Amino acid sequence: MSPRPKRPNMESSVYEGNDGWWHGRVTMGVKDDGSPDRRHRRARTETEVKRKVRELEDLRDKARAPKAGRKPTVEQWMTTYLTDIASLKLKPRSLDDYWSKTRNDIVPGIGKHRLDKLQPEHLERMYRVMLDEGHAPSHVLKVHRILSRALKIAHRRRLVVENVATLVDPPTVDETEANPFTTEEAKAFLKAAAKRPTFMRWCVGVGMGFRQGETLGLRWPYVDFDNELFRPEWQLQRLTWRHGCEDPHTCGAKFHRFEPCPPDCRTHKGYKRGCPKPCPEGCTRHARACPDRKGGGLVFTRPKTKKSRNAVPIPPPFIPYLREHKAQQQEACDAAGDAWEETKLVFTRPDGRPLDPRQDWEEFKELLAEAGIDDRRLYDGSRHTAGTILNELGVDMPTIMEILRHTQISQTRRYVKGRSHLSKDAMRRMGNTFMPGPEPAPEPQPEPRPEPSVETRIETRDSRTARSQRRRRIR
C-alpha cells in the first residue's frame, strides 16, 4: 500500500467527525511561542464548514486575521486601553473623562461581551438605553467616540476583524449655539465685578478671552509688564484622585454602597446632582480617602496645544489695574504672615492658595444675577464674548484667531457670533446698492425776478436768434 501523500504547507483540512459535525482546520502561521497556529471551525454541513474555512483563509492571506487566543471582554480591553495606551497621549483631564464614561456607561452596557463577538446591534441598544435614561445626545456621542477609538486600536492590533463602531450611526447632535455678552452686558458684568477682589480675574476672562484654567493658573513670572504680554504657560485644573495602595477595593470598603438610596434619602439631600449611583461589584473608587492617594486635587497642567501657550498682548488700559492688584496682593501677603501660601499666582484666595474652579464658576453665576443678565455658560461670558466683540470692532478673523490661540480659523468662526443689528445695517446698505429709494421731492423754485426795463435790458445774439425763430413759427 502506497503511503498517504503529505499535505502541502498552509493547506486546510475538512473532515466529518464522529460527533456528526463537519470540522475544518486552517493553518494561520506560527504563535508567539513558536508553535503552529491552527484554527478550528465546525458546522453541520460540509458546504457550511468549507465556507467558514475559506473566510478564515481569506483573512490569513490578507494579513487581517485576528491573533490566536481567547479574546478579552470589552471591560478588560477598555481597562487595558485606558491604562497602557490612552494614558500615554491624553491630557490628565481628558483621561479622567474617558475613565468616567467607561465606568458609568460602557462597562454597564456592553462590558461582558467578548471583543470579537461584539455586534453593531449591541452598541445601538446601549445608545438607546442611554437616551431613554435622559442622557444628552452629546454625551452619547462622546461615549461612541471613546469606544470607537478603543476598537480602532484593537483592530489595528488584530484583536478583532473589524471595528463595529464604524457600522453604527451615533445620535445627531446640534451644535450648541453661542450666547456671548453684548457690549452693554459685558460692561454691566464688569461693573458688578468691580465690587469684588476678583475684578481683574473677570477683566482677563471677558476682555482677553482666556479659558478658566488659564486665568486661574496665571502666574506673575509669566506677566511681562515691559512688553505688555501674558504668557499662559500653565493652567489650573481639578483632577480625580487615584489609589496609591495595592488593594483599592479594600481601601474604600467603608464608603462602598451597593444598594440604591431610598426615595426620601436625607444623606445626599444637599447634593445638586441627586443621590450618587450604587457602587459596582468590585468597586475601586473612593480614592480621595486613600492614605497613599496620588494624581488628584488642584494641579498645574500644560495647556492642550502648543499654540495655546502663545503670548497674548495685554490691553494697555489693563496695566495700571494689574499693578494695583499686585500691590494689594503683596499687602495681603504681609498681613497674613506665616499663614500665606506662596504660589506666585496672579489670582488667589486671601491666604495665597489657588482659587477653586467650582467656586469661580459659582461667582460667575452670582455676577450674572447682580448684573441682571440671563443665565449662560462661563465659556459664553469669556471666550465667545471676546471673539464676538473683537469682530464687531472690525478686527479681521486671522487676528482674532491669534488672540484666542486657535489652531484653525474654522474653530475661530464658531466662537464669533453675528449680531442682528449689524446684519440689518449690512442688508440696508445692500438694498440701497441694488434698489435705491424714491427720488427726493423737488426743491421749491425761487420766485421769478421782475423783468428788467427796456432801458436796462441788454439783448444778446442768442436772444435775437430765439426771437426770430418764434416769429417764423407764428407766421
Side-chain angles (χ1 to χ4, degrees), residues 24-42 52 55-60 62-90 94-130 140-168 170 240 242-243 245-250 277 279-285 287:
R25 303 282 179 177
V26 184
T27 302
M28 306 298 294
V30 181
K31 296 181 181 179
D32 295 337
D33 59 359
S35 60
D37 180 11
R38 287 181 62 82
R39 310 285 176 90
H40 173 250
R41 294 291 184 269
R42 73 171 187 169
K52 293 183 177 181
E55 290 178 354
L56 196 55
E57 290 175 340
D58 184 58
L59 292 175
R60 177 196 63 191
K62 293 180 179 178
R64 294 178 54 198
K67 289 185 177 181
R70 185 174 180 84
K71 301 300 179 290
T73 63
V74 173
E75 180 179 3
Q76 292 170 342
W77 172 245
M78 290 301 301
T79 302
T80 302
Y81 168 69
L82 295 177
T83 304
D84 302 331
I85 303 172
S87 59
L88 302 177
K89 185 176 181 180
L90 294 177
S94 299
L95 185 62
D96 283 351
D97 186 48
Y98 275 44
W99 272 112
S100 174
K101 289 180 172 54
T102 298
R103 286 192 304 263
N104 299 324
D105 300 306
I106 297 177
V107 171
I110 56 174
K112 301 301 180 182
H113 286 284
R114 263 178 49 182
L115 208 60
D116 57 333
K117 301 295 184 182
L118 193 63
Q119 297 296 324
E121 294 79 12
H122 300 149
L123 274 63
E124 292 168 345
R125 193 176 301 114
M126 179 181 68
Y127 298 159
R128 170 48 52 195
V129 171
M130 292 174 62
V140 180
L141 179 61
K142 185 63 177 294
V143 171
H144 173 77
R145 288 173 176 171
I146 295 171
L147 184 59
S148 179
R149 179 62 182 173
L151 293 177
K152 181 179 180 180
I153 300 298
H155 177 239
R156 187 181 297 171
R157 300 190 179 191
R158 296 191 299 170
L159 294 176
V160 293
V161 177
E162 188 175 18
N163 179 2
V164 297
T166 60
L167 307 178
V168 177
T240 304
R242 291 180 288 119
H243 280 279
C245 56
E246 297 181 356
D247 189 359
H249 178 72
T250 305
K277 295 181 179 180
C279 298
E281 185 179 355
C283 176
T284 57
R285 292 182 291 184

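From a predicted model like this one, the values you see are computed outputs, not experimental measurements.
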[X] versus [Y], closest heavy-atom pair with distance:
{"X": "His249", "Y": "Thr284", "value": "N-CG2, 4.4 Å"}
{"X": "Arg285", "Y": "Cys279", "value": "NH2-CA, 3.5 Å"}
{"X": "Trp77", "Y": "Ala150", "value": "NE1-O, 2.9 Å"}
{"X": "Pro120", "Y": "Leu167", "value": "CG-CD1, 3.8 Å"}
{"X": "Leu147", "Y": "Met78", "value": "CD1-SD, 4.2 Å"}

Between [atom1] on residue [X] and [atom2] on residue [Y], distance to nearest 0.5 Å:
{"X": "Leu151", "Y": "Leu123", "atom1": "CG", "atom2": "CG", "answer": "7.0 Å"}
{"X": "His113", "Y": "Met126", "atom1": "NE2", "atom2": "CE", "answer": "9.5 Å"}
{"X": "Tyr81", "Y": "Ile146", "atom1": "OH", "atom2": "CD1", "answer": "8.0 Å"}
{"X": "Ile110", "Y": "Glu121", "atom1": "CD1", "atom2": "CD", "answer": "12.5 Å"}
{"X": "Thr240", "Y": "Trp99", "atom1": "OG1", "atom2": "CH2", "answer": "12.0 Å"}
{"X": "Arg103", "Y": "Thr79", "atom1": "CZ", "atom2": "OG1", "answer": "10.0 Å"}

Are any of the side-chain heavy atoms of [X] and [Y] separated by less than 4.5 Å?
{"X": "Val107", "Y": "Thr102", "answer": "yes"}
{"X": "Ser148", "Y": "Asn163", "answer": "yes"}
{"X": "Thr73", "Y": "Leu115", "answer": "no"}
{"X": "Arg39", "Y": "Arg25", "answer": "no"}
{"X": "Val26", "Y": "Arg41", "answer": "no"}

Restricting to salt bridge (charged side-chain N to carboxylate O under 4.0 Å, His left out), what partner residues turn up for Asp116, sequence neighbours left out?
Arg114

What residues form a salt bridge (charged side-chain N to carboxylate O under 4.0 Å, His left out) with Arg125, not counting sequence neighbours?
none

Given 3.5 Å as the limit, does a donor-acceptor pair link the side chain of His155 with the main chain of Lys152, or not?
no

Count the heavy atoms belonging to other residues, nucleotides or ligands that lie under 6.0 Å from CZ of Arg38, then report whether that count exceeds 12.
yes

Hits for ring pair (Phe, Tyr, Trp, His ring centres under 6.0 Å) against His144, two or more places apart or cross-chain, chain-then-number order -> Tyr127

Walk me through it: do Asp97 and Lys142 pass the test side-chain contact (heavy atoms from CB on, under 4.5 Å)?
CA-CA 10 Å; Asp97 186 48; Lys142 185 63 177 294; 2.7 Å; yes

Pair Arg157, Ile85 - check side-chain contact (heavy atoms from CB on, under 4.5 Å), show working.
CA-CA 12 Å; Arg157 300 190 179 191; Ile85 303 172; 3.7 Å; yes

